[in-house]
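Encoded as structure tokens, the structure appears first; notes follow it.
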Amino acid sequence: MTKRSPFRYFKPSPEIIRLAVMLYVRFPLSLRNVEDLLNERGIDVSHESVRYWWHRFGPMFASEIRKRRIAAMKSSRWRWHLDEMFVKINGERHYFWRAVDHEGEILDSYVTKRRDKKAALKFLKKAMRKHGRPEVIITDRLHSYGAALKEIGASGRQETGRWLNNRAENSHLPFRRRERAMLCFRRMQSLQKFAAVHASIYNLFNSERSLTARSNFKLNRAAALTEWRGLCAV
């Protein structure tokens with residue numbers, strides 16, 4: 001039995017839908033910015049169509065990217081960087097937890113209302129269930145990490161220190177830019193959904209431009225675009 005195309009009931013081509021989703025999630029653009037950019041290319045779509053496309057296809061694209069990458073991320077068990085930042089949802093403070101490996105690959109993210117031991121423990125278990133236990137876990141001096149790691153028997157793997165966690169701190173910056181463009185979030189579910197999609201697309205196109213030669217960067221970028229254009233292809 002042949003697999004049905006997820007684009008079968010949509011009038012625009014899959015290439016246009018993929019382009020719109022990539023522009024909106026990858027870059028700090030609003031829905032209307034994406035509409036204007038597509039219009040300059042001769043593609044007439046509404047910003048509401050772009051909204052519907054990313055809600056419909058964003059998680060689908062992200063899931064396929066994760067399946068392809070998790071199997072090849074053997075080095076992610078070496079060193080993890082954990083950090084949390086606050087986000088406002090309808091004026092109320094929430095906490096956005098993030099796990100990053102030593103190369104800047106976003107492993108997992110989680111949104112909670114509190115920053116206590118229970119939240120840290122749930123986040124750690126969620127990340128380790130997907131990627132296994134790392135050899136070293138670098139955190140800030142938040143006591144919730146130490147209490148949670150002690151409970152799961154990994155307190156000896158924790159490291160804290162000044163500037164050690166810059167890798168996780170820097171990984172927040174692209175998401176902060178997207179948050180400003182979206183004028184914050186309205187619900188926890190929306191934040192969690194967008195964060196998962198954004199992380200997968202960021203991982204795909206993140207080529208460490210400042211650490212590689214121009215020729216290697218161009219090859220990596222071309223490979224990422226080729227993989228993106230082949231997502232959900234039948």
Side-chain angles (χ1 to χ4, degrees), residues 2-76 98 100-101 103-109 130-131 171 173-175 177-179 181-182 190 192-234:
T2 59
K3 184 180 178 181
R4 289 188 175 183
S5 170
F7 306 101
R8 62 187 180 277
Y9 297 126
F10 291 84
K11 186 179 296 185
S13 66
E15 290 75 17
I16 292 176
I17 295 176
R18 289 194 194 97
L19 177 61
V21 173
M22 183 186 70
L23 289 174
Y24 180 65
V25 179
R26 184 183 174 194
F27 302 106
L29 300 171
S30 67
L31 294 167
R32 287 173 174 79
N33 291 151
V34 176
E35 178 185 348
D36 291 340
L37 287 173
L38 293 175
N39 185 67
E40 289 184 8
R41 296 188 174 202
I43 303 170
D44 184 20
V45 297
S46 168
H47 68 278
E48 290 295 341
S49 296
V50 178
R51 186 201 306 275
Y52 179 78
W53 291 345
W54 100 254
H55 274 288
R56 173 73 178 267
F57 295 102
M60 196 182 304
F61 294 155
S63 176
E64 190 166 339
I65 293 171
R66 281 195 299 271
K67 288 178 183 178
R68 296 181 181 186
R69 297 180 75 84
I70 285 179
M73 286 166 54
K74 297 178 182 178
S75 61
S76 293
R98 188 193 297 273
V100 182
D101 73 358
E103 293 182 338
E105 188 93 2
I106 301 174
L107 303 175
D108 209 344
S109 55
K130 290 183 180 179
H131 304 283
S171 75
L173 299 180
F175 188 82
R177 288 192 287 268
R178 286 300 301 125
E179 183 188 22
M182 297 176 72
S190 299
Q192 186 69 67
K193 180 178 180 179
F194 185 85
V197 175
H198 180 269
S200 293
I201 295 178
Y202 175 81
N203 289 338
L204 177 61
F205 289 100
N206 181 26
S207 300
E208 296 287 348
R209 182 183 299 218
S210 61
L211 303 178
T212 58
R214 175 68 179 174
S215 56
N216 292 334
F217 167 72
K218 289 169 67 177
L219 291 174
N220 293 335
R221 182 174 60 184
L225 283 171
T226 300
E227 182 177 345
W228 174 261
R229 288 165 182 159
L231 293 178
C232 297
V234 178

Does a side chain donor of either Asn203 or Ser200 reach within less than 3.5 Å of an acceptor in the other side chain? no
Here the pair of heavy atoms bringing Leu204 nearest to Ala224 is O-CB, 3.4 Å
Validation row: His47, Val34 side chains within 4.5 angstrom (heavy atoms): no
Tell me whether the guanidinium CZ or amine NZ of Arg26 lies under 6.0 angstrom from the six-membered ring centre of Phe205 and within 45° of its axis. yes
More than 12 heavy atoms of other groups within 6.0 Å of Arg32 CZ: no
Could you check whether atom CZ of Arg41 has more than 12 heavy atoms from other residues, nucleotides or ligands sitting under 6.0 Å from it? no
With a 4.5 Å heavy-atom cut-off, do Phe194 and His55 have their side chains touching? no
Hey, does the side chain of Arg177 reach the backbone of Pro28 with a donor-acceptor pair shorter than 3.5 angstrom? no
To the nearest 0.5 Å, tell me how far Arg98 CZ sits from Ser171 OG. 4.5 Å
Using side-chain heavy atoms (C-beta onward) and a distance below 4.5 Å, is Arg214 in contact with Leu219? no
Taking the inter-plane angle between the rings of Trp54 and Tyr24 on a 0 to 90° scale, is it parallel (under 30°), tilted (30 to 60°) or perpendicular (over 60°)? tilted
Between CG on residue Leu23 and CG on residue Asn33, distance to nearest 0.5 Å: 10.0 Å
Could you tell me whether the side chain of Arg229 and the main chain of Thr226 form a donor-acceptor pair under 3.5 Å? no
How many angstroms lie between CG in Asp108 and NE2 in His131, if you round to the nearest 0.5 Å? 5.5 Å
Just by distance, do the side chain of Asn220 and the backbone of Asn216 share a donor-acceptor pair under 3.5 Å? yes
Ile16 CD1 to Phe7 CZ distance, which is reported to the nearest 0.5 Å: 11.5 Å
Nearest atoms (heavy-atom pairs only) where Leu29 meets Ala181: N-CB, 4.2 Å
Output for pair (Ile43 CD1, Glu15 CD), nearest 0.5 Å, gives 10.0 Å
Minimum-distance pair of heavy atoms, taken over all atoms of Trp53 and Pro12: CZ2-CG, 3.5 Å
Take Met22 and Leu225 through the test side chain to side chain contact (heavy atoms under 4.5 Å, CB included) and record every step on the way to the result. CA-CA 10 Å; Met22 183 186 70; Leu225 283 171; 4.3 Å; yes
With side chains defined as the heavy atoms from C-beta onward, is the minimum distance between Leu19 and Leu38 less than 4.5 Å? yes
Any idea how Phe61 and Trp228 line up, ring-wise: parallel (<30°), tilted (30 to 60°), or perpendicular (>60°)? perpendicular
Return the NE2 to CE distance between His198 and Met182, rounded to the nearest 0.5 Å. 9.5 Å
Closest heavy-atom contact between Ala62 and Ala196? CB-O, 4.2 Å
Hey, does the Lys NZ or Arg CZ of Arg178 hover above the aromatic six-ring of Tyr202, less than 6.0 Å from the centre and inside 45° of the axis? no
When you measure from the side chain of Glu227 to the backbone of Ala222, do you find a donor-acceptor pair of N or O atoms at a distance under 3.5 Å? no
Do NZ/NE/NH1/NH2 and the carboxylate oxygens of Arg51 and Glu48 come within less than 4.0 Å? yes
Are Phe10 and Phe57 an aromatic pair, judged by ring center distance below 6.0 Å? yes
Is there a side-chain contact between Glu64 and Lys67, using heavy atoms and a 4.5 Å cut-off? no
Tell me the closest heavy-atom pair linking Pro6 and Met60, and the distance in Å. CB-SD, 3.7 Å
